[in-house]
Participant: 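Quick one: the structure is below, questions incoming.
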2 protein chains.
Amino acid sequence: MTVTAKPTGKSAARAAERPAQGVPARETGPLTEAIELLFFAYRDFISDPDELLAKYDFGRAHHRVIHFVGRHPGITVAELLNILRITKQSLARVLKQLIERGFIEQQTGKQDRRQRLLFLTPAGIELEQRLAAPQQARVAAALASAGPGAEAAWRAVLLALVNEDDRPEVERLIAAQPAKNN
Amino acid sequence: MTVTAKPTGKSAARAAERPAQGVPARETGPLTEAIELLFFAYRDFISDPDELLAKYDFGRAHHRVIHFVGRHPGITVAELLNILRITKQSLARVLKQLIERGFIEQQTGKQDRRQRLLFLTPAGIELEQRLAAPQQARVAAALASAGPGAEAAWRAVLLALVNEDDRPEVERLIAAQPAKNN
DNA sequence: CATTTTATGTCAGCCATGTTGACATATTTT
DNA sequence: AAAATATGTCAACATGGCTGACATAAAATG
């Protein structure tokens with residue numbers, strides 16, 4: 001299965017505080033368990049920044065934009081769309097808000113003046129770091145608890161989960177490089 | 001960052017077929033890379049069933065319900081809410097459609113007649129398997145390519161990513177057990 | 001230099017799936 | 001008999017996807 005949107009609050013109408021117990025799982029093999037673990041891990045992993053985002057009246061879409069602009073200063077709109085795999089209308093909505101509220105700024109490209117290169121402002125950098133901190137802590141703790149070698153295996157599996165066609169690009173995207181100047 | 005909703009189609013308004021290239025990544029440490037890998041892996045992982053779901057006019061929410069009802073035949077509504085962490089109103093919407101269209105059926109609980117135990121119909125079972133197949137294949141291939149021991153590390157890290165409070169319950173949920181009879 | 005293509009922005013509207021609050025019913029528990 | 005529980009449902013709203021259409025500026029091309 002799949003993960004979707006954003007629980008805004010602590011949910012009064014939510015299931016009454018751990019009914020728990022319950023129905024045994026049908027035997028469907030270890031792959032199913034590995035898949036469900038991914039669901040549960042992701043569910044909790046993405047819950048970290050939500051509280052902070054809510055204070056800014058931002059959502060997860062804003063988080064993703066802040067993250068990738070922070071990671072790739074000077075990224076173009078087209079590149080960001082390619083990473084996020086959403087339409088430009090969807091991106092435009094959150095990007096506009098982030099610009100209006102001073103977390104992201106645009107610069108006209110020097111070589112290609114049609115491009116609007118995106119950068120975090122100082123406020124944007126601060127927010128990015130505040131959003132990233134709990135997720136980094138969570139991943140660091142998980143990798144540490146899983147012992148040495150876990151990180152390499154983790155990365156290998158995750159990369160192999162990516163569509164084969166996209167793997168070279170993903171590797172390029174996540175690889176850190178010395179800053180360039182626009 | 002975080003993953004959210006569902007691209008319905010192949011998106012004409014989407015980024016023009018791999019603009020690629022682009023801005024180098026800022027150096028932010030290996031944790032950031034591990035986090036981004038999770039984003040990209042999840043992005044592609046959840047894309048598998050979407051095409052099939054679209055043929056039924058279903059979305060990811062339906063997928064999640066079908067999956068967990070299939071995995072826990074006779075699960076109660078309250079238990080399902082606790083797994084999904086959504087409100088009962090949100091669940092009610094998709095559940096109603098799945099019942100109307102004959103993929104899920106309800107049975108009044110025998111011990112507690114207030115409960116509506118949920119089961120997949122034969123059509124539901126078939127759909128569940130068709131949805132699961134590509135994801136299982138993807139995970140199987142990824143684990144295989146990452147070599148022996150990768151699965152253990154993978155599971156350890158994922159479980160450690162789950163909120164500590166929820167870990168016992170997640171372990172219980174994913175553990176297969178022989179069927180019980182209602 | 002005229003034309004076409006590209007990068008971006010934007011308007012208008014739709015849909016899926018979250019949310020809240022309130023309330024109704026049947027059933028079990030106390 | 002009363003209270004608590006499991007479920008269902010109504011009404012309204014927000015977020016963030018989507019489509020289609022169109023506008024502008026700049027670059028690339030013939």
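Residue numbers start from 1 in every chain, and the chains themselves are labelled A, B, ... in the order their sequence lines are given, proteins ahead of strands.
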Participant: Can you see if the side chain of A/Q106 gets near the phosphate of C/dG9 - specifically, an N or O under 4.0 Å from OP1 or OP2?
Facilitator: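 Affirmative; the distance criterion is met.
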Participant: Quick one: A/K96 NZ to C/dT8 P, roughly how many Å, whole number?
Facilitator: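 The distance from NZ of A/K96 to P of C/dT8 comes to 17 Å, rounded to the nearest Å.
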Participant: State plainly whether the residues B/D166 and B/R85 are in salt-bridge range, i.e. N to O under 4.0 Å.
Facilitator: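 B/R85 and B/D166: salt-bridged.
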Participant: Tell me the interatomic distance from A/I75, atom CD1, to C/dT8, atom P, rounded to whole angstroms.
Facilitator: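 Result: 10 Å.
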Participant: To the nearest angstrom, how far is B/L84 atom CG from C/dT19 atom P?
Facilitator: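 Value for this atom pair: 10 Å.
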Participant: Round to the nearest Å and state the distance from A/Q89 atom CD to C/dC14 atom P.
Facilitator: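 Taking atom P of C/dC14 as the reference, CD of A/Q89 is at 16 Å.
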Participant: Verify the distance criterion only: is there a donor paired with an acceptor across the side chains of A/E79 and A/H72 at less than 3.5 Å?
Facilitator: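 Per modelled atom types, A/E79 and A/H72 side chains form no pair under 3.5 Å.
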Participant: Round to a whole Å and report the spacing from CG of B/N82 to P of D/dT7.
Facilitator: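 Distance, rounded to whole Å: 12 Å.
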Participant: Taking CZ from A/R93 and C1' from D/dT15, how many angstroms apart are they, rounded to a whole number?
Facilitator: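 In whole Å, D/dT15 C1' and A/R93 CZ are 8 Å from each other.
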Participant: May I ask you to verify if any side-chain N or O of A/S90 is less than 4.0 angstrom from the OP1 or OP2 atom of D/dG16?
Facilitator: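 No, no such contact exists.
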Participant: Output side-chain donor-acceptor pairs under 3.5 Å for residues 113-123 of chain A, partner residues at least two apart or in another chain, one line each.
Facilitator:
from	atom 1	to	atom 2	distance (Å)
A/R114	NE	A/D112	OD1	3.1
A/R114	NH2	A/D112	OD2	2.9
A/T121	OG1	A/G102	O	2.6
A/T121	OG1	A/F103	O	3.4
A/T121	OG1	A/A123	N	3.4
A/T121	OG1	A/G124	N	3.0

Participant: Measure the distance from CG on A/D50 to C1' on D/dG16 and round it to the nearest whole Å.
Facilitator: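 Whole-Å distance recorded here is 14 Å.
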Participant: At under 4.0 Å between heavy atoms, which parts of nucleotides 22-30 of chain D does protein reach? Answer with one letter per nucleotide, 5' to 3': B base, S sugar-phosphate only, - none.
Facilitator: ----BS---
Participant: From CD of A/E79 over to C1' of C/dT8, roughly how many Å is that when rounded to an integer?
Facilitator: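 One finds 14 Å between C1' of C/dT8 and CD of A/E79, rounded.
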Participant: In this structure, which one of A/R130, A/Q97, A/H62 forms a side chain to side chain contact (heavy atoms under 4.5 Å, CB included) with A/Y56?
Facilitator: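 It is A/R130, the one option of A/R130, A/Q97, A/H62 that forms the side chain to side chain contact (heavy atoms under 4.5 Å, CB included) with A/Y56.
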Participant: Judged by atom type as modelled, is there a donor-acceptor pair below 3.5 Å linking the side chain of A/R71 to the main-chain atoms of A/I174?
Facilitator: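 Looks like yes, one N/O pair under 3.5 Å.
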Participant: Can you confirm whether or not the ring centre of A/F45 sits under 6.0 Å from the ring centre of B/Y42?
Facilitator: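 No, the ring of A/F45 stays outside the 6.0 Å limit from the ring of B/Y42, centre to centre.
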Participant: Provide the full list of side-chain hydrogen bond (donor to acceptor under 3.5 Å, both in side chains) pairs with a residue in residues 146-157 of chain A, sequence neighbours left out, each pair given once.
Facilitator: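 Matches after skipping sequence neighbours: A/R155-B/E33.
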Participant: Please work out if B/Q97 contacts a base, only the sugar-phosphate, or nothing of the nucleic acid, heavy-atom cut-off 4.0 Å.
Facilitator: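 No contact.
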